[in-house]
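Note: hydrogens, waters and symmetry copies are ignored here, and every other heavy atom, side chains too, is used.
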Amino acid sequence: MNIDGLSEATLEKFVDLGFVNEFADLFHLDRYREQIVEMEGFGEKSYQNLTESINRARNTTLPRVIYGLGIANIGVANAKMLCRYFDYDLERMQKADVESLSAIEGVGEVIATAFVNYMRDEDNLRKIDALMKELQIEIPKIEEGSQTLAGMSFVITGSLSRFASRNELKEAIEQKGGKVTGSVTGKTTCLINNDVTSTSSKNKKARELGIPVLSEEDFVRQYNMDAASGQTVPVSNSLTTEDTE
């Protein structure tokens with residue numbers, strides 16, 4: 001939920017003290033203001049900062065909520081995929097069965113079963129309902145005909161020059177309905193690597209499988225990515241931790 005200042009250690013203390021018993025309780029810590037201010041490592045300023053951060057977290061997205069529930073095998077990418085498939089309709093997601101979820105590209109029976117089991121638990125549904133009453137969910141606007149990468153899977157490696165980071169390119173791909181994975185497989189549509197002649201493991205794997213290796217510019221041109229993101233900016237080619245294989 002991107003709550004700055006709420007570390008795992010702090011959250012554990014709040015749980016142990018009975019301040020937090022379920023998700024929605026995070027948004028009512030004002031009930032325990034006096035106790036929190038007196039806690040070691042806290043004070044009035046820290047309490048105010050945490051309160052402001054929690055209030056900012058009220059404005060969020062459905063994929064963040066689904067990921068934040070901690071459902072087994074549901075990571076960030078899967079949460080986004082599920083939300084897009086169900087048009088960001090939580091009620092539809094909660095009513096889905098294993099068969100329909102398993103049919104979604106990239107989900108499979110294991111993830112589908114974990115999701116359905118979680119959403120069939122009455123106590124979980126009650127907690128989610130209470131949480132949703134505390135939140136303002138931002139629903140992305142999906143323009144008709146914009147999902148031109150639906151059903152396609154991409155891998156990004158190496159440094160970028162047009163997009164500021166891999167995450168920015170990943171977001172642009174996901175906006176058009178595509179998926180970004182960490183490894184090259186037979187289902188990969190293409191590998192995006194500005195060093196197309198590299199002997200890296202990903203390039204070798206792509207060549208072995210007959211998967212195209214495209215430079216960033218070639219990818220943008222071939223898949224019309226200029227229309228996907230207005231955030232593309234030229235940046236330094238220097239490598240960062242994120243850009244290493």
Item to check | Shortest non-hydrogen separation from N194 to E216 and the atoms involved | outcome: OD1-N, 2.8 Å
Checklist entry - Which residues satisfy the ring pair (Phe, Tyr, Trp, His ring centres under 6.0 Å) test with F86, sequence neighbours excluded? => result none
Checklist entry - Going only through I, L, V, M, F, W and Y residues with side-chain contacts under 4.5 Å, is there a path from V110 to L82? => result no
Next on the checklist: For a 4.5 angstrom cut-off between non-hydrogen side-chain atoms, does V65 reach F23?
Outcome noted: no
Next on the checklist: Quick check for you: to the nearest 0.5 Å, what is the distance between D30 atom CG and Y47 atom OH?
Outcome noted: 5.0 Å
Item to check | Minimum heavy-atom distance between G41 and S46, given as atom pair plus value | outcome: O-OG, 4.0 Å
Checklist entry - Run the side-chain hydrogen bond (donor to acceptor under 3.5 Å, both in side chains) check on E44 and Q48 step by step: do they pass? => result CA-CA 6 Å; E44 186 61 40; Q48 290 297 334; 2.8 Å; yes
Checklist entry - Tell me, do E168 and L160 make a side-chain contact under 4.5 Å, heavy atoms counted? => result no
Checklist entry - Between R221 and D218, is the closest basic N to carboxylate O distance under 4.0 Å? => result yes
Next on the checklist: Could you measure the distance from the OG atom of S161 to the CD atom of E217? Nearest 0.5 Å is fine.
Outcome noted: 6.0 Å
Next on the checklist: Please give me the minimum heavy-atom distance between I211 and L191, naming the atom from each residue.
Outcome noted: CG2-N, 4.1 Å
Checklist entry - Going by atom types only, do D97 and S100 share a side-chain donor-acceptor pair under 3.5 Å? => result yes
Checklist entry - Would you say the side chain of K204 lies within less than 4.5 Å of the side chain of S201, judging by non-hydrogen atoms? => result no
Checklist entry - How close do E109 and V98 get, heavy atom to heavy atom, and via which atoms? => result CG-CG1, 4.3 Å
Checklist entry - Any chain of hydrophobic side-chain contacts (each under 4.5 Å) joining L29 to L11? => result yes
Next on the checklist: Quick check for you: to the nearest 0.5 Å, what is the distance between F27 atom CZ and L131 atom CG?
Outcome noted: 6.0 Å
Next on the checklist: Restricting to side-chain contact (heavy atoms from CB on, under 4.5 Å), what partner residues turn up for T189, sequence neighbours left out?
Outcome noted: M152, F154, Y223
Checklist entry - Is V15 reachable from I36 through a run of I, L, V, M, F, W or Y residues, each pair having side-chain heavy atoms under 4.5 Å apart? => result yes
Checklist entry - How far apart are the C-alpha atoms of Q35 and L17, what are their side-chain angles, what is the distance that settles it, and do they pass the side-chain contact (heavy atoms from CB on, under 4.5 Å) test? => result CA-CA 10 Å; Q35 296 99 308; L17 291 168; over 6 Å; no
Checklist entry - Going from CD on Q175 to OG1 on T148, what distance comes out if it is rounded to the nearest 0.5 angstrom? => result 11.0 Å
Next on the checklist: I need the minimum non-hydrogen distance between L62 and I137, along with the two atoms involved.
Outcome noted: N-CG2, 3.7 Å
Next on the checklist: K127 vs L69, test: side-chain contact (heavy atoms from CB on, under 4.5 Å). Steps then yes/no.
Outcome noted: CA-CA 10 Å; K127 291 176 180 177; L69 296 176; over 6 Å; no
Checklist entry - Does T10 reach the main-chain N or O of L6 with its side chain, forming a donor-acceptor pair under 3.5 Å? => result no
Item to check | Shared hydrophobic cluster for V213 and I192 (ILVMFWY, side-chain gaps under 4.5 Å) | outcome: no
Next on the checklist: Can a side-chain donor-acceptor contact be found between R58 and N55 if the only test is distance below 3.5 angstrom?
Outcome noted: yes
Checklist entry - How close do V184 and K205 get, heavy atom to heavy atom, and via which atoms? => result O-CG, 3.8 Å
Checklist entry - Any ion pair linking D123 and R126 (charged N to carboxylate O, less than 4.0 Å)? => result yes
Item to check | Flag side-chain contact, heavy atom, 4.5 Å: L50 against I3 | outcome: yes
Item to check | Nearest-0.5 Å distance that lies between atom CG in N78 and atom CD1 in I66 | outcome: 11.5 Å
Item to check | side-chain contact (heavy atoms from CB on, under 4.5 Å) evaluation trace for M119 with M93 | outcome: CA-CA 9 Å; M119 292 301 179; M93 294 172 69; 5.9 Å; no
Next on the checklist: Using the rule that Ile, Leu, Val, Met, Phe, Trp and Tyr join whenever any side-chain heavy atoms are under 4.5 Å apart, tell me whether V116 and Y67 fall into a single cluster.
Outcome noted: no
Next on the checklist: Tell me whether R64 is salt-bridged to E138, with the criterion being a basic N under 4.0 Å from an acidic carboxylate O.
Outcome noted: no
Next on the checklist: The test is side-chain contact (heavy atoms from CB on, under 4.5 Å); show your working for T61 and K80 and say whether it passes.
Outcome noted: CA-CA 10 Å; T61 64; K80 289 180 178 179; over 6 Å; no
Next on the checklist: Looking at N203 and S198, would you say the former's side chain and the latter's main chain have a donor-acceptor pair under 3.5 Å?
Outcome noted: yes
Checklist entry - Looking at side-chain heavy atoms only, is the closest gap between I111 and I74 below 4.5 Å? => result yes
Next on the checklist: Has R120 got a side-chain atom pairing as donor or acceptor with Q94's backbone, closer than 3.5 angstrom?
Outcome noted: yes
Next on the checklist: Any heavy-atom pair between the side chains of I156 and V180 that's under 4.5 Å?
Outcome noted: yes
Checklist entry - Do any N or O atoms from the side chain of N117 and from the backbone of T113 form a donor-acceptor pair under 3.5 angstrom? => result yes
Next on the checklist: Rounded to the nearest 0.5 Å, what separates atom CD1 in I54 from atom CG in D4?
Outcome noted: 10.5 Å
